[in-house]
Amino acid sequence: MAQNNDRINQALQALREKAAGQWREFTGSTIPRIHIGMATCGLAAGAQETRDAFEAQLKKDNIQAVIHPIGCHGHCYAEPLVIIDHPASGLPPIMYQKVNEGKAVMLVKNFLKGNDPLLEHMYGAMEESDTIPAVMLFPRFNMEKRVIMDKCGRINPADINEYLALGGYAALGAALSLAPEAIVETVTASGLRGRGGAGFPTGRKWQFAAQQNAAEKVVVCNADEGDPGAYMDRTILESNPHQVIEGMIICARAIGAGRGVMYVRAEYPLAVKLVTRALEQARELNLLGQNILGSDFSFDIEVFQGSGAFVCGEETALIRSVEGYRGMPRHRPPFPVEHGLNGRPTVINNVKTLATIAPIIENGAEWFRSIGTEKSPGTAIFSIVGHVLYPGLVEIPMGETLRSLIFDICGGIPDKREFKAVQIGGPSGGCLPASFLDTPIDFDSLTAAGAMMGSGGMVVMNDETCMVNVARYFLDFTQKESCGKCTFCRIGTRHLLEILDRITKGQGKPEDLARLEWLAAAVKQGSLCGLGKTAPNPVITSLKYFRQEYEAHINDGVCPALMCRDLIAYYIDLDKCARGCDACVGCCPTEAIFTTANRKKGIDQEKCIKCGECRHVCIPLYNAVGKASPPGTVPMIEKPKVPVKDND
Amino acid sequence: MIKLYIDNWEIHATEGISVLQAALDSEIYIPNLCWVREMTDPPASCRLCFVEIAGRPAPVTACTTIVENDMEVHTDTEAVRELQRTSLKLLLSAHHVDCGHCPANKKCELQNLARFLKVKLKPAEFPTYQPTGLIDTSHPHLDYNRDRCVLCGRCVNACRDKNGRPLFTFAGRGSETIVTPLFPPAGQALDKDASLVCVDLCPTGALTRKG
């Protein structure tokens, strides 16, 4: 055994020394380095164009610099994000935000060629210095605690050596020297709970699987992320796939599995590509495959592309899908740890759970327990979207309050609007109102509040959001994504949706609220799998916390948030409307806006389709287009019999 | 043999069978639709066979619960009946109730369930089902009427258990899910007898013989 350990350590040491040498060469040289965030969020914001512009301009000006594609930093509001490390300038590495092609050209010309770092476009310096404020001074940076995303945005996800150079696969080396039981013990002692949403203790799951007496066992990484507005798993796989792979290998070692499946949805082509490459590289270095690092342990991972069904995030449906059948859940027990993929004991863990394993093995269970709360140790990653100033990915220690996450870290609600609700846990979670802002974020507190941790999607909504419509939106999603197997989920959610649809159209009936509550409770209780059991949550919580909004829709035909199209009308405030301005006329797709006798504007309610374009284009100085609910309350503006010419 | 109590009757059952089978074998009726005798892996999809078991917090489906010694099962409690009625009402709300024109009239299992659970065939809680008129005639031996199908999956599951490969499969998602014939690979004949077994298994008139 001891000799074996020596061999493993030597093999790993050789890999790490080579990687560290490459990294030293890269970071130690005086050639400027341009790090560009090239994950999907960056690419959507134009990172590829930015990269092309950098390359073209460097060539044109004949400047030597290295372009280093990195993953995502989590600061999605600032994409495309570029960090320029220009040692010769004497400045620390500087992070620039929203670097479009023009800024890229300017940076090359002024910073790399000239000597002006263009500080007006910067976000901050990556290190503390006397000259430039560091990003770590901002709450969006310093309130985070990065365990899972520690290396995200620092390394090139397509190069295993960069992961190795920053300490990657050290945990695997340690795990291979440990007895499998010791690994399970460490994970159990760390108190890690599954980050996929339900919060089941990971150590216990592994222990169940390890106890199974079977010739073959399987580890599955569940990256079938499908919640609207959630993209944590994608970002991790695109920024640092090796940390997940390392977690899978350690898990396989702990439970005695020989086969691994990375279940990535096909809608994440970049993640699929990077994971596939990462697996190839790991295989080349013998971190995967036969006799890993010279030990007696063999394990390999294949990539399986899920073809776009939300329900396949459910363990048993995922297994069916990998087996080649229609992804439909089945009754549990037997649980996958006993009877999983092709009948073999199978551990299915979320991407974030597996990415947490390596840090736990490396730093120990005590260290992990020191982060977060007692019952929910560690960190949580949220993808915060919606009405916040700084949307993106945030990794915080568990136990932080919703208020500090939304207001301190993410900058609060933009456009001087009020906070109204936050939807946590995607379509299976719940909407919490402002009175829950001081709730600590951990598995138990959120469940007690009626929401759930979920996989980490968080949608923040301002006071212009209609909660009935939000519930309708999520129900529409789950109803369409139901696999159609069991009665309650297939038909029950459709009836729930029909009722909500009617209410948002102003056709609600007084008995609808009682029926919603009754049916939501029945679907929750009667459904077969987790999707159906949690699908009514948005209805249940919004009915609980925003009941008056439902009542306003049904009893008064009013949408208090002025959002439901059938219950509002647009009008033009003649006191504010500027004489002779035609902005709204030009944008109206149905020509519903006419000019009044004194050359102001009015809206022909018969023609208006309530698209809201006029409100968007009316310049903020006038702000003359208003909304009112119910539609009958808008001021009537007489339409002249003979059309008034606009520009005479 | 295992000894258990269903509605206070002492029952003896073979080890490993489900509560549902044990009850039915002892002539205690538990409503069910998707379950077929001797099925290895019940789909538990109709959500009708709920029972309460002493010591468990919520009703469970009888088809997926394996009998245990001294188990105390109750099939006729308020919570159980409420769930069963809701499930049946949901099924009926997605079914074209047009018994007068249906070949399954009077031998339809939905009618029997409705009678047993005292549920009206057109439940007032839900809007009436709007028939789609979709009839799939692509199968050489039988026709499939979507408006009558309640997606119990018997034709799919029982066939898979017996033949290894089902003659039907589910298609579509959510409330748009349908059953559709799954034709064998080119060159292989479609088994007529096996196809017609599916007609006999259908609890409603959704699958009918051609002609």
Side-chain angles (χ1 to χ4, degrees), chain A residues 308-312 316-317 320 325-334 339 343 475-499 501-502 507 509 511-512 514-516 518-529 531-533 535, chain B residues 18 33-35 41-50 57-66 79-80 82-95 123-127 129-130 149-153 156-157 160 165-166 169-180 182:
Chain A
F310 179 66
V311 71
C312 287
T316 55
R320 294 291 289 166
Y325 298 102
R326 177 183 162 94
M328 295 217 274
R330 65 164 173 75
H331 184 266
R332 299 186 305 179
H339 184 96
L475 244 292
D476 183 49
F477 179 84
T478 34
Q479 193 268 135
K480 283 189 181 133
E481 290 294 342
S482 161
C483 76
K485 184 171 177 179
C486 80
T487 309
F488 283 95
C489 181
R490 179 180 73 237
I491 311 170
T493 54
R494 202 192 74 206
H495 285 306
L496 282 173
L497 177 64
E498 273 168 11
I499 298 173
D501 236 359
R502 267 210 330 265
Q507 297 156 6
K509 298 175 201 154
E511 69 267 23
D512 275 347
R515 189 160 296 168
L516 274 178
W518 165 72
L519 192 53
V523 173
K524 201 177 167 82
Q525 201 187 355
S527 290
L528 172 67
C529 83
L531 189 142
K533 280 190 206 297
Chain B
S18 65
L33 197 62
C34 65
W35 182 81
D41 190 10
S45 65
C46 69
R47 317 307 285 167
L48 278 168
C49 65
F50 282 105
V60 294
T61 42
C63 64
T64 54
T65 311
I66 304 298
V80 161
E82 176 66 24
L83 273 171
Q84 289 172 336
R85 286 196 190 104
T86 310
S87 183
L88 182 63
K89 282 176 193 169
L90 286 169
L91 284 172
L92 287 166
S93 76
H95 174 76
E125 285 90 342
F126 302 114
Y129 177 71
Q130 299 299 321
C149 177
V150 288
L151 291 165
C152 67
V156 178
N157 298 316
R160 177 164 44 226
R165 184 177 188 280
T169 184
F170 295 109
R173 273 188 204 183
S175 55
E176 307 286 311
T177 311
I178 54 165
V179 166
T180 185
L182 186 68

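Just the heavy atoms: all of them, side chains too, but no hydrogens, waters or symmetry mates, feed the values below. So that the names make sense, note that chain A is the first sequence line, chain B the second, and so on, each numbered from 1.
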Task: Whether A:F310 and A:F477 hold their rings parallel, tilted or perpendicular, with breakpoints at 30° and 60° - done: perpendicular

Open item on the list: So for A:L519, is it side chain, backbone, both, or neither that comes closer than 4.5 Å to the heavy atoms of chain B?
Closed with: side chain

TODO: Output the option from B:T177, B:I178, B:L48 having the highest count of non-hydrogen pairs under 4.5 Å with chain A.
DONE: B:T177

TODO: Give, as side chain, backbone, both or neither, the part of B:R85 having an atom under 4.5 angstrom from any heavy atom of chain A.
DONE: neither

Task: Pairs of heavy atoms under 4.5 Å with chain A: top-ranked of B:C46, B:P59, B:S87, B:A44 - done: B:S87

TODO: Answer yes or no: is there a donor N or O on one side and an acceptor on the other, between the side chain of B:K89 and the main chain of B:F126, under 3.5 Å?
DONE: no

Task: chain A interface, residue from B:C152, B:A58, B:G153, B:P127 that has the most non-hydrogen pairs under 4.5 Å - done: B:P127

Open item on the list: Under the criterion salt bridge (charged side-chain N to carboxylate O under 4.0 Å, His left out), I'd like the reasoning laid out for A:R502 against A:E498: C-alpha separation, chi angles, the key distance, then a yes or no.
Closed with: CA-CA 6 Å; A:R502 267 210 330 265; A:E498 273 168 11; over 6 Å; no

Open item on the list: Counting only non-hydrogen atoms closer than 4.5 Å, does B:S45 touch chain A with its backbone (N, CA, C, O), its side chain (CB onward), both, or neither?
Closed with: both

TODO: Please flag which part of A:K480 lies under 4.5 Å from any non-hydrogen atom of chain B: side chain, backbone, both or neither.
DONE: backbone

Open item on the list: If you count heavy atoms of other groups shown closer than 6.0 angstrom to NZ of A:K533, is the number above 12?
Closed with: yes

- [ ] Kindly say whether B:L91 contributes a backbone atom to a donor-acceptor pair with the side chain of A:T487 at under 3.5 angstrom?
- [x] no

- [ ] Please answer whether the main-chain N or O of A:T478 pairs with a side-chain N or O of A:S482 as donor and acceptor at a distance below 3.5 Å.
- [x] no

TODO: Return the option, out of B:A94, B:P43, B:P42, B:C34, with the maximum number of heavy-atom pairs under 4.5 Å with chain A.
DONE: B:P43

Task: Sidechain-backbone polar pair: A:Q479 side chain, B:G174 backbone, donor-acceptor under 3.5 Å - done: no

Task: Contact origin within B:T169 toward chain A - heavy atom pairs under 4.5 Å - done: neither

Open item on the list: Counting heavy-atom pairs under 4.5 Å with chain A, which one of B:E82, B:E125, B:R47 comes out on top?
Closed with: B:R47

Task: Proximal component of B:E176, with respect to chain A [non-hydrogen, under 4.5 Å] - done: neither

- [ ] Check each atom of A:R490 against the heavy atoms of chain B and say whether the ones under 4.5 Å are side chain, backbone, both or neither.
- [x] both

Task: Under 3.5 Å: donor-acceptor pair, side chain of A:R326, backbone of A:C483 - done: yes

